Amino acid sequence: RLRKWQSRLRVSDAAERNLAFALSELDRITAQLKLPKHVEEEAARLYREAVRKGLIRGRSIESVIAACVYAACRLLKVPRTLDEISDIARVEKKEIGRSYRFIARNLNLTPKKLFVKPTDYVNKFADELGLSEKVRRRAIEILEEAYRRGLTSGKSPAGLVAAALYIASLLEGEKRTQREVAEVARVTEVTVRNRYKELVEKLGIKVPIT
Amino acid sequence: MVDMSKVKLRIENIVASVDLFAQLDLEKVLDICPNSKYNPEEFPGIICRFDDPKVALLIFSSGKLVVTGAKSVQDIERAVAKLVQKLKGIGVKFKRAPQIDIQNMVFSGDIGREFNLDNVALTLPNCEYEPEQFPGVIYRVKEPRAVILLFSSGKIVCSGAKSEADAWEAVRKLLRELEKYGLMEEEEEEL
DNA sequence: ATTTTACTTTAAAAAGC
DNA sequence: GCTTTAAAAAGTAAAAT
């Protein structure tokens, strides 16, 4: 009898220790990324739910917490790239991505709930690049036309937004280099260049010679 | 009725597990497998490649094998027969004829029309789509168990099926769902 | 700056860690 | 869970030219 009691205590002990570790990890990440309180709370809620459903088995607490942060950002429309999170999480991006897709599947986080409008990324990147409202509007117009023309399916949203911002910055006379745009969007210059070429070509955009 | 007339499927890879019903001394087996690799530290089996039929075999001391890379069940049968002949050459005795089990078949294919994957992801239940991580929609079919990757071009990859008939049935079920949710008509305008 | 090579996703088995 | 094997899809990344 006493043994069973002790083992239960041990189990809840371990569970409490794991939760405490997970929440401290969550605190560290959200503080470093300067994420709003409601995102941290949502991530914590998702984590507890994941634990309750036994989704942590076979996965590290770190990768699941990082995945919950990313999922919370997507659910609450707080644009953040997976790269930014994996920079400070001590787990590789690939592993966070796997945990993210796994909890999304099992917590019924549908693509619809997780969808973040490209517009939100436009504003986030434009903020970091110090671009005007005019450039943002132009970039969004380009993205909407690209969507209508079927040029966005399967492509990296970050890469598309980066290319649209690059083009808009040229058109509105507030030029940013491909390198600068690629850096904030966390994609390579080659990706920006590829998207840029396709958008300019297929949408017939005349960019000023640089 | 689901129109499958424009759908194409091409076998790309077959994975099979095989039991030869014989114990093997892997050090001796190494001699009859020219281009083979064996590092028990990292992997317990011999990795051996045949040019004809073009397959890769994983050979274990238990006498069990994994044959991959085949484009037909016949390729697997031929590869197993070829290995058995070589093993007989070094004196291996078999308790009975080898048992071959097809474990997985991978197909590439085409549905014959393009898709707006954002629309598909927002409408088709139980699918995954994370373009930041992978360009295709991932759709899991319960029965027969298989997974289909759907790309914006309409090209697909079907894996996990244990037979060609199962793969066709899985694709048929995906098309039935796409039709059910009106994702097969909306003649994506222009271009 | 462009080309080549490599890796992302899916499935499944083998023996052992 | 991981290790190894094969193959396609289309995109992106990294490395080479």
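What's counted below: heavy atoms across the whole structure, side chains too, no hydrogens, waters or symmetry copies. Remember, predicted model here, so these are calculated numbers, not experimental data. In what follows, every chain begins at residue 1, and chains take the letters A, B, ... in the order their sequences are listed.
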Pairs where residues 136-159 of chain B contributes a residue and the test side-chain hydrogen bond (donor to acceptor under 3.5 Å, both in side chains) is met, not counting sequence neighbours
E128(B)-R140(B)

Side-chain N,O (R10(B)) to OP1/OP2 (dA7(D)) below 4.0 Å:
no

Span that lies between the C1' atom of dA8(D) and that of dA14(C), in whole angstrom
23 Å

Pairs: protein N or O with nucleotides 13-15 of chain C N or O, under 3.5 Å:
residue: dA15(C); atom: OP1; partner: S62(B); partner atom: OG; Å: 2.6

Tell me, please, which residues at least two apart from Y70(A) pass ring pair (Phe, Tyr, Trp, His ring centres under 6.0 Å).
Y100(A)

Which sits closer to the 5' end of DNA chain C, P135(B) or V106(B), going by the nucleotide each is nearest to?
P135(B)

Nearest-Å distance for atom pair CD1/C1', residues I56(A) and dG1(D)
15 Å

Between dT3(C) and dA7(D), how far apart are the C1' atoms? Round to whole Å, please.
24 Å

Applying the Watson-Crick and G-U wobble criteria at under 3.5 Å, what pairs with dT17(D)? Answer none if nothing qualifies.
dA1(C)

If we take the P atom in both dG1(D) and dT10(C), what is their distance in whole Å?
12 Å

Hey, are E172(A) and S132(A) close enough side-chain-wise for a donor-acceptor pair under 3.5 Å?
no

Whole angstrom is fine here: how far is it from CG in N13(B) over to P in dT4(D)?
17 Å

Applying the Watson-Crick and G-U wobble criteria at under 3.5 Å, what pairs with dT5(D)? Answer none if nothing qualifies.
dA13(C)

Just jot down the side-chain contact (heavy atoms from CB on, under 4.5 Å) partners of F43(B), sequence neighbours excluded, or say none.
L58(B), F60(B)

May I have the distance from Y196(A) (atom OH) to dT2(C) (atom P), rounded to whole angstrom?
11 Å

Value in whole Å for how far the C1' atom of dG11(D) lies from CG of L151(A)
15 Å

To the nearest angstrom, how far is N194(A) atom CG from dA10(D) atom P?
16 Å

What is the distance from CD of Q178(A) to C1' of dA1(C), rounded to the nearest Å?
10 Å

K124(A) vs E128(A), test: salt bridge (Lys or Arg N to Asp or Glu O under 4.0 Å). Steps then yes/no.
CA-CA 7 Å; K124(A) 200 230 177 194; E128(A) 295 178 36; 3.1 Å; yes

Under 4.0 Å from any atom of DNA chain D, heavy atoms only: list the residues of residues 137-161 of chain B that qualify, in numerical order.
L149(B), F151(B), S153(B), K155(B), V157(B)

Partners passing side-chain contact (heavy atoms from CB on, under 4.5 Å) against K34(A) (at least two apart in sequence or in another chain):
none

All pairs passing side-chain hydrogen bond (donor to acceptor under 3.5 Å, both in side chains) where residues 47-58 of chain A contributes a residue, at least two apart:
E49(A)-R52(A)

Of R59(A) and F134(B), the one whose closest nucleotide on DNA chain D sits nearer the 5' end is R59(A)

Between the protein and nucleotides 13-15 of chain D, are there any N/O to N/O pairs under 3.5 Å, and if so, what are the atom names and distances?
residue: dA13(D); atom: OP2; partner: T188(A); partner atom: N; Å: 3.2
residue: dA13(D); atom: OP2; partner: T188(A); partner atom: OG1; Å: 3.0
residue: dA13(D); atom: OP2; partner: T191(A); partner atom: OG1; Å: 2.4

Out of dA1(C), dT5(D), dA10(D), whichever nucleotide has its closest atom nearest the side chain of R193(A):
dA1(C)

Answer with base, sugar-phosphate or nothing: what part of the nucleic acid does G45(B) contact at a heavy-atom distance below 4.0 Å?
nothing

OP1 or OP2 of dA1(C) under 4.0 Å from side-chain N/O of K197(A):
no

Residues at least two apart in sequence or cross-chain that pass side-chain contact (heavy atoms from CB on, under 4.5 Å) with R172(B), listed by chain then number, are V2(B), M4(B), E169(B), R176(B)

Just wondering, are more than 12 heavy atoms of other shown residues or ligands nearer than 6.0 Å to NZ in K173(B)?
yes

What interatomic distance, in whole Å, is found between C1' of dA1(C) and the corresponding atom of dA9(D)?
28 Å

Could you list all the side-chain hydrogen bond (donor to acceptor under 3.5 Å, both in side chains) pairs where at least one residue sits in residues 14-30 of chain B, not counting sequence neighbours?
S17(B)-Q103(B)

Hits for side-chain contact (heavy atoms from CB on, under 4.5 Å) against D87(A), two or more places apart or cross-chain, chain-then-number order -> R186(A)

Report the C-alpha distance between E77(B) and V73(B) in whole Å, list the side-chain angles of each, state the deciding distance to 0.1 Å, and finish with yes or no for side chain to side chain contact (heavy atoms under 4.5 Å, CB included).
CA-CA 6 Å; E77(B) 291 168 344; V73(B) 174; 3.9 Å; yes

Give the rounded distance in Å between these two atoms: NZ of K94(A) and P of dG1(D).
14 Å

With a 4.0 Å cut-off, would you call K162(B) and D101(B) a salt bridge?
no

Distances for protein N or O near nucleotides 4-6 of chain C N or O, under 3.5 Å:
none

What is the distance, to the nearest angstrom, from the CD atom on E42(B) to the P atom on dC2(D)?
17 Å

May I ask you to check whether N116(B) and Y147(A) show a side-chain donor-acceptor distance below 3.5 Å?
yes

Evaluate I100(B) against I76(B) for side chain to side chain contact (heavy atoms under 4.5 Å, CB included), listing each step before the verdict.
CA-CA 8 Å; I100(B) 299 174; I76(B) 291 174; 3.9 Å; yes

Where each residue is assigned the nucleotide of DNA chain D containing its nearest heavy atom, which of G58(A) and K37(B) is assigned the position nearer the 5′ end?
G58(A)

